[in-house]
Amino acid sequence: MREIFTMWRHTKMVVLVALTAAVYAAILIPLKGIPLIPGITELRPANVVPVVFSLLFGPAAAWGAAFGNLIGDFFGTLGLGSLFGFVGNFFYGLVAYKLCGAMGPLSARGPLEAKDGRQLFEFLLLALLASAACAAFISWGVDLVGLVPFGVLAPVITLNN
């Protein structure tokens with residue numbers, strides 16, 4: 001876990017944070033006009049970015065996802081929920097990175113190769129677990145402040161991711 005803080009000492013990792021944030025925000029912003037829950041979440045095909053980039057860039061993608069989501073929130077959904085969105089999207093990128101390779105020796109070749117069904121299954125499972133972690137944190141926080149009930153928001157975010 002130390003790498004999520006020590007990565008800030010390396011210029012290349014900081015550049016990868018900026019790259020991830022820019023790509024994520026650039027895809028999020030144009031689709032702000034298609035809300036799923038107005039003022040809370042919208043259609044987000046950009047959600048493929050944190051998982052894929054976390055497998056490529058490690059903890060830099062987790063920070064990039066957090067900052068990219070916050071930048072996207074400035075274009076229509078900025079509010080108290082944005083604090084939880086920042087942390088939730090950080091975990092969205094971090095969970096896939098931390099779990100990558102945890103399913104056995106097939107992962108050692110790299111999950112993005114997807115040369116067989118097991119690697120594809122691993123990638124889909126990583127995406128689902130990362131989505132659920134993101135949804136749980138955001139939904140918990142938004143429910144805590146009384147904006148949207150957990151039971152309504154968590155499935156929407158999980159499926160949307």
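Position 1 is the first residue of the sequence, and the numbers go up from there.
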Determine which pairs satisfy ring-ring contact (aromatic ring centres under 6.0 Å, His included) with at least one residue from residues 37-60, sequence neighbours left out, and list them in order.
-> F53-F57
Looking only at non-hydrogen atoms, find the nearest pair between S131 and N161 and report the distance.
-> OG-CB, 3.1 Å
When rounded to the nearest 0.5 Å, the distance separating CE of M13 from OG1 of T11 is 11.5 Å
F123 vs V52 side-chain heavy atoms within contact, under 4.5 Å = yes
Qualifying ring-ring contact (aromatic ring centres under 6.0 Å, His included) pairs, either residue in residues 6-39, two or more places apart = W8-W63
Evaluate the side-chain proximity of T20 to V49: yes if any heavy-atom separation is below 4.5 Å, no if none is.
-> yes
Check whether any side-chain heavy atom of M1 sits under 4.5 Å from a side-chain heavy atom of L94, and report yes or no.
-> yes
Any side-chain heavy-atom pair of I157 and S139 under 4.5 Å | yes
Should the ring pair W140 and F84 be called parallel, tilted or perpendicular, given that the plane angle runs from 0 to 90° and is split at 30 and 60?
-> perpendicular
Any chance you could pull the hydrophobic cluster mates of L31, using side-chain heavy atoms under 4.5 angstrom and chaining through other members?
-> I34, L43
Quick one: side chain to side chain donor-acceptor pair (under 3.5 Å) partners of T158, sequence neighbours excluded?
-> none
Tell me whether V87 is reachable from V145 by hopping between hydrophobic residues (I, L, V, M, F, W, Y) whose side-chain heavy atoms are closer than 4.5 Å.
-> yes
A133 meets the side-chain contact (heavy atoms from CB on, under 4.5 Å) criterion, sequence neighbours left out, with V95
For L70, the side-chain contact (heavy atoms from CB on, under 4.5 Å) test, sequence neighbours excluded, returns F74, L78, S82, F86
For A130 and A96 the tightest heavy-atom approach is CB-N, 4.2 Å
OH of Y92 to CD1 of I138, rounded to nearest 0.5 Å, is 10.0 Å
Apply side-chain contact (heavy atoms from CB on, under 4.5 Å) to A25 and list each qualifying residue two or more places apart in sequence or on a separate chain.
-> I29, I71
Sorted by chain and number, sequence neighbours left out, ring pair (Phe, Tyr, Trp, His ring centres under 6.0 Å) with F91 holds for none
Would you mind listing every salt bridge (Lys or Arg N to Asp or Glu O under 4.0 Å) that reaches into residues 126-138, with sequence neighbours excluded?
-> none
Where is the tightest heavy-atom contact between A61 and P50, given as atom of each residue plus distance?
-> CB-O, 4.3 Å
Partners meeting side-chain contact (heavy atoms from CB on, under 4.5 Å) with T41 (sequence neighbours left out) | L36, I37, R44, L153, V156, N160
Across all chains, not counting sequence neighbours, the ring pair (Phe, Tyr, Trp, His ring centres under 6.0 Å) partners of Y97 are none
Main-chain N/O of G72 paired with K32 side-chain donor or acceptor, under 3.5 Å = yes
So CG of N89 and CG of N47: to nearest 0.5 Å the spacing works out to 7.0 Å
Using the rule that two of Ile, Leu, Val, Met, Phe, Trp, Tyr join whenever any of their side-chain heavy atoms come within less than 4.5 Å, decide whether F90 and F5 are in one cluster.
-> yes
Do M7 and K12 have side chains that get closer than 4.5 Å, going by heavy atoms?
-> no
Distance col, row S54:OG vs L126:CG, nearest 0.5 angstrom, shows 8.0 Å
For G81 against L147, the heavy-atom pair lying closest together | N-CD1, 4.2 Å
Examine V51 and L128 and state if one hydrophobic cluster contains both, with Ile, Leu, Val, Met, Phe, Trp and Tyr joined whenever side-chain heavy atoms are less than 4.5 Å apart.
-> no
Side chain to side chain donor-acceptor pair (under 3.5 Å) against D143, all qualifying residues, sequence neighbours excluded = none
